[in-house]
Amino acid sequence: MRTSTIKRNTEETKIELSLNLDGKGESKIDTGCGFFDHMLTLFSKHSRFDLEVFCKGDTDVDFHHTTEDIGIALGMALNSALSEKGAMEGIKRYGNIILPMDETLIPSAADISGRAH
């Protein structure tokens, strides 16, 4: 099963994140930032990844460290879940979309080849 659990502790944040790439789009999210919780919930739902994220951060300052460190942890979890032999079967190396949403046009691209640039 393509799963991963990441614990990331820094001076600014304490994060526990679990990812299941073969899930149903279920999530439990508590980052301390309502909008970010909403976006991660939608990410889980539309990707059909099961995602649990719990973060205690220095939100009295702002949400910068929370979003940055969760992004790092999510990338680490995705890399870990795909690192086992055969885990990439059925997955294309890269993809892109241009998605119209309300008044916004969102271009997005992803490459999971493992290259740094």
Side-chain angles (χ1 to χ4, degrees):
M1 187 174 256
R2 300 178 304 173
T3 62
S4 181
T5 298
I6 301 293
K7 292 185 180 187
R8 178 177 169 81
N9 296 315
T10 68
E11 289 186 22
E12 296 86 14
T13 60
K14 182 177 182 180
I15 297 167
E16 293 183 21
L17 185 148
S18 295
L19 177 66
N20 176 0
L21 301 182
D22 300 305
K24 298 177 181 177
E26 298 172 353
S27 62
K28 294 180 186 174
I29 312 290
D30 184 6
T31 69
C33 175
F35 180 71
F36 195 38
D37 291 355
H38 172 69
M39 296 307 291
L40 289 170
T41 299
L42 290 176
F43 169 77
S44 172
K45 179 179 179 177
H46 292 293
S47 66
R48 295 189 183 106
F49 295 164
D50 290 348
L51 179 64
E52 292 187 9
V53 180
F54 301 98
C55 179
K56 288 286 189 187
D58 59 352
T59 57
D60 57 315
V61 176
D62 64 17
F63 299 114
H64 169 85
H65 295 122
T66 295
T67 55
E68 179 180 49
D69 290 346
I70 289 173
I72 292 168
L74 184 57
M76 292 168 61
L78 182 61
N79 187 56
S80 177
L82 291 173
S83 66
E84 292 186 29
K85 185 177 180 181
M88 293 287 291
E89 189 172 313
I91 298 176
K92 297 189 184 301
R93 192 191 101 185
Y94 56 86
N96 68 308
I97 188 170
I98 297 176
L99 179 67
M101 292 187 72
D102 298 329
E103 301 87 22
T104 306
L105 187 62
I106 302 166
S108 179
D111 183 345
I112 57 172
S113 66
R115 287 193 248 164
H117 304 287

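Computed from a predicted structure; not experimentally measured. Throughout, numbering of the chain's residues begins at 1 and tracks the sequence.
- With rounding to the nearest 0.5 Å, the separation of CG in Asp22 from CG in Leu19 is 9.5 Å.
- Here His64 contributes atom NE2 and Asp69 contributes atom CG; the two are 8.0 Å apart, rounded to the nearest 0.5 Å.
- In the hydrophobic clustering of ILVMFWY residues, with side-chain heavy atoms under 4.5 Å counting as a link, Leu74 and Val53 come out together.
- When hydrophobic clusters are built by joining Ile, Leu, Val, Met, Phe, Trp and Tyr residues whose side-chain heavy atoms come closer than 4.5 Å, directly or via intermediates, Leu78 is grouped together with Ile29.
- A donor-acceptor contact shorter than 3.5 Å is absent between the side chain of Ser80 and the backbone of Ala77.
- For the pair Lys24 and Asp50, the salt-bridge criterion is not met [side-chain N within less than 4.0 Å of a carboxylate O].
- No donor-acceptor distance shorter than 3.5 angstrom exists from the side chain of Ser44 to the backbone of Leu40, with no hydrogens or angles considered.
- The shortest non-hydrogen separation linking Ala87 to Leu82 is CB-O, 3.5 Å.
- A single hydrophobic cluster is seen to contain both Phe36 and Ile15, as judged by linkage of ILVMFWY side chains at heavy-atom distances under 4.5 Å, directly or through other members.
- Nearest heavy atom pair, residue Ile70 against residue Thr31, reads CD1-CG2, 3.5 Å.
- Rounding to the nearest 0.5 Å places CE of Met101 at 5.5 Å from CG of Leu99.
- Counting all heavy atoms, side chain and backbone alike, Phe49 lies closest to Leu21 at CD2-O, 3.5 Å.
- Atom CD of Glu52 and atom CG of Leu17 lie 9.0 Å apart (nearest 0.5 Å).
- The closest side-chain heavy-atom distance from Ile72 to Arg8 is below 4.5 Å.
- By the neighbour-count criterion of 12 heavy atoms within 6.0 Å, atom CZ of Arg93 is densely surrounded, having more than that number from other residues, nucleotides or ligands.
- Here the straight-line distance linking atom OG1 of Thr67 with atom CG of Asp62 works out to 8.0 Å at 0.5 Å rounding.
- Atom CD1 of Ile91 and atom CD1 of Ile112 lie 5.0 Å apart (nearest 0.5 Å).
- The two atoms that bring Thr66 and Gly57 nearest to each other are OG1-CA, 4.0 Å, heavy atoms only.
- Just one residue in the list Thr13, Asp58, Thr10 forms a side-chain hydrogen bond (donor to acceptor under 3.5 Å, both in side chains) with His65, and that residue is Asp58.
- For Asp111 (side chain) and Tyr94 (main-chain N/O), no donor-acceptor pair under 3.5 Å exists by modelled atom type.
- Annotation: Glu68, atom CD; neighbour count of heavy atoms from other residues, nucleotides and ligands within 6.0 Å is above 12.
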